[in-house]
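Comments concern the structure below.
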Number of protein chains: 2
Amino acid sequence: MKALKSPVTVTTREHILRQAITLFAASGYEGVSMRHIASAVGTSAAALYHHFPDKPTLYLEAIRFAFADKSATLREVMAKETHPAERLYDFIRRFTQMVYADPAFLKLVHRELLDGDTERMKVLVTHVFAETRQILKGLIRELAPDWDETLLMTSIIGLVIHHYETATLRSFLPGSQPGHEDPETVARHVNRFIQHALGIAAPADEWPDGVKV
Amino acid sequence: MKALKSPVTVTTREHILRQAITLFAASGYEGVSMRHIASAVGTSAAALYHHFPDKPTLYLEAIRFAFADKSATLREVMAKETHPAERLYDFIRRFTQMVYADPAFLKLVHRELLDGDTERMKVLVTHVFAETRQILKGLIRELAPDWDETLLMTSIIGLVIHHYETATLRSFLPGSQPGHEDPETVARHVNRFIQHALGIAAPADEWPDGVKV
DNA sequence: GTCTATAAGCAGATAGAC
DNA sequence: GTCTATCTGCTTATAGAC
């Protein structure tokens, strides 16, 4: 068993990682220098090298930290014994909320999808995608056995994510409203879309008159 | 009216832009130096400054070039007078094919969604999103008047795109098959998904037995 | 229109004082 | 554990020859 590090050490390290996450999410690996991170932390670049051997390692630790426990809230979905369709809606809502509440997380995921090498892809799979897709797979098997699992999982995840990866862009497009970013609105829309697609609910009738989702 | 540049000049300029597009798509703006581009073109970095005043301008010209005429094939969809549901499928197929056939294009779009400033976002809107969404909007108005236009457009685009932004990642996931990247397979899957969601076709029956999409 | 040479600055990373 | 100072190499961009 490893000896615990002193509380002060852990805090400094975490402080660095949190600042690094924000900066890397905003500007990418190449767009952030050790000096930038040091400046955000309030220390010198040389001091960072006391905590991390080099920049690639600092980045790897940062995404590990940013991706840690991201499936936790989704895991709770499976603890309930409600109807599968209800659990799927629960999944959609929690997933949408997660993506909405942590824009840095979504940005880092997309940067990894663009730039990740084999090792970093494995971090992404292990910490983020593996359990998320496992949970979703369970729901799909119950609700839509006649669909291709992989294609359907990818579609459902993309259906949610795309609303937030284009959030900045849509402010430049006509017809955009602030409500289109609201996680509850997006979740209801996506849920209606999926339920009708999979033939779970009959079209219309679930939402009050005049509310388009 | 401007005088036409000599053919040789145009070719050199285009040659630079094409190499720049490939490199920027692969490694991002910060990840590519003028020397990298010069090396790919087979010239010196200094020579690039004869064709473009600075790196930001070269990048801007590169994405303008990469995004030029991207809606052309989608425009043809509206020329036909077939049933709207058939035109929507036509749209999905063309769009899927476009995203599949030009991975550099999709990567550049995603890099702009992450890093684009106001000016670059406007390039993205003008060259790529404006007409694509205009075409899609026309189809949606006919087929699904009771849905929120903006939410539904975003969902449909995301439904296609996400299959290809995760293409590299999925090779690290269980259950992935080469067929899941095939544009015809993805288009059929997405089309089935959308048609059922919008209540256009009755579930099942369109595809041969045993083929899951 | 492309070259070599060079300027000025920032990058990652290290040495050694405290 | 953090500092200042520094090394080396790469960055954008320019000057001027050909």
Side-chain angles (χ1 to χ4, degrees), chain A residues 2-65 111 115-117 119-120, chain B residues 2-65 111 115-117 119-120:
Chain A
K2 267 192 206 169
L4 289 173
K5 286 172 190 169
S6 80
V8 176
T9 306
V10 171
T11 301
T12 303
R13 193 188 149 87
E14 269 197 30
H15 190 199
I16 294 169
L17 289 176
R18 286 183 197 282
Q19 295 297 329
I21 286 168
T22 306
L23 291 170
F24 282 133
S27 310
Y29 179 81
E30 313 272 2
V32 178
S33 70
M34 296 298 269
R35 283 169 176 80
H36 290 147
I37 299 168
S39 169
V41 172
T43 184
S44 67
L48 298 181
Y49 286 90
H50 176 76
H51 299 275
F52 305 93
D54 51 29
K55 193 186 174 187
T57 305
L58 167 53
Y59 182 81
L60 210 61
E61 292 299 311
I63 58 170
R64 266 196 251 268
F65 192 78
R111 291 195 185 281
D115 294 323
D117 54 20
E119 187 177 4
R120 279 156 53 181
Chain B
K2 268 192 205 169
L4 288 172
K5 286 170 189 170
S6 80
V8 175
T9 306
V10 172
T11 300
T12 304
R13 191 189 150 87
E14 270 196 29
H15 190 200
I16 294 169
L17 288 175
R18 286 182 198 281
Q19 295 296 329
I21 286 167
T22 306
L23 291 169
F24 282 133
S27 310
Y29 178 82
E30 314 272 3
V32 177
S33 71
M34 297 297 269
R35 280 173 175 78
H36 290 147
I37 299 168
S39 169
V41 172
T43 184
S44 66
L48 299 181
Y49 286 90
H50 176 77
H51 299 274
F52 305 93
D54 51 29
K55 193 185 172 186
T57 305
L58 168 54
Y59 182 81
L60 211 59
E61 292 298 310
I63 59 170
R64 267 195 250 267
F65 192 79
R111 291 195 184 281
D115 294 323
D117 56 19
E119 187 176 4
R120 278 156 55 182

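Each chain gets a letter, A, B and so on, in the order the sequences are listed, and its residues count up from 1. Only this structure's heavy atoms are used, side chains among them; waters, hydrogens and symmetry mates stay out. From a predicted model like this one, the values you see are computed outputs, not experimental measurements.
Although no hydrogens or angles enter the test, the distance criterion places a donor-acceptor pair under 3.5 Å between the side chain of A:His36 and the main chain of A:Ser33.
Between B:Ala40 and B:Leu23, the shortest heavy-atom contact is CB-CD1, 3.9 Å. Here the shortest heavy-atom pairing between B:Arg111 and A:Asp115 reads NH2-OD1, 2.6 Å. Across B:Val32 and B:Ser27, no two heavy atoms sit closer than the pair CG2-CB, 3.7 Å. Residue A:Phe52 comes nearest to A:Arg13 through the heavy atom pair CE2-NH1, 3.5 Å, listed as atom of the first residue, atom of the second, then distance. Pairing each heavy atom of B:Ala45 with each of B:Ala38, the nearest pair is N-CB, 3.4 Å.
Rounding to the nearest 0.5 Å gives a distance of 12.0 Å between OH of B:Tyr59 and CZ of B:Arg64.
At the phosphate of C:dC10, neither OP1 nor OP2 sits under 4.0 Å from any side-chain N or O atom of A:Ser33. The phosphate of C:dT2 (OP1 or OP2) has no side-chain N or O of B:His50 nearer than 4.0 angstrom. In this model, the phosphate group of D:dG1 is not approached by any side-chain N or O of A:Thr12 to a distance below 4.0 Å at OP1 or OP2. Residue B:Ser44 places at least one side-chain N or O closer than 4.0 Å to OP1 or OP2 of C:dC3.
Each of B:Thr43 and A:Met34 lies near DNA chain C, and the nucleotide nearest B:Thr43 is the one positioned closer to the 5' end.
Atom CZ in A:Arg35 sits about 10 Å away from atom C1' in D:dT6, given to the nearest Å. Rounding to whole angstrom units, CD of residue A:Glu30 and C1' of C:dC10 are separated by 14 Å. Distance CD1 (B:Ile16) to P (C:dG1): 10 Å, rounded to an integer number of Å. Rounded to whole angstrom, the span from the NE2 atom of B:His51 across to the P atom of D:dA13 amounts to 16 Å. Protein atom CZ of A:Arg13 is 17 Å distant from nucleotide atom C1' of D:dT2, rounded to whole Å.
For DNA chain D, the residues of residues 54-63 of chain B within the heavy-atom distance limit of 4.0 Å (strictly under) are B:Asp54, B:Lys55, sorted by number.
Looking at heavy-atom distances under 4.0 Å, A:Val41 makes no contact with the nucleic acid at all.
Here C:dA15 is the nucleotide among C:dT2, C:dA15, D:dT2 with the atom lying nearest to any side-chain atom of A:Ala46. Among D:dT11, C:dC3, D:dT14, the nucleotide with an atom closest to any side-chain atom of B:Tyr49 is D:dT14.
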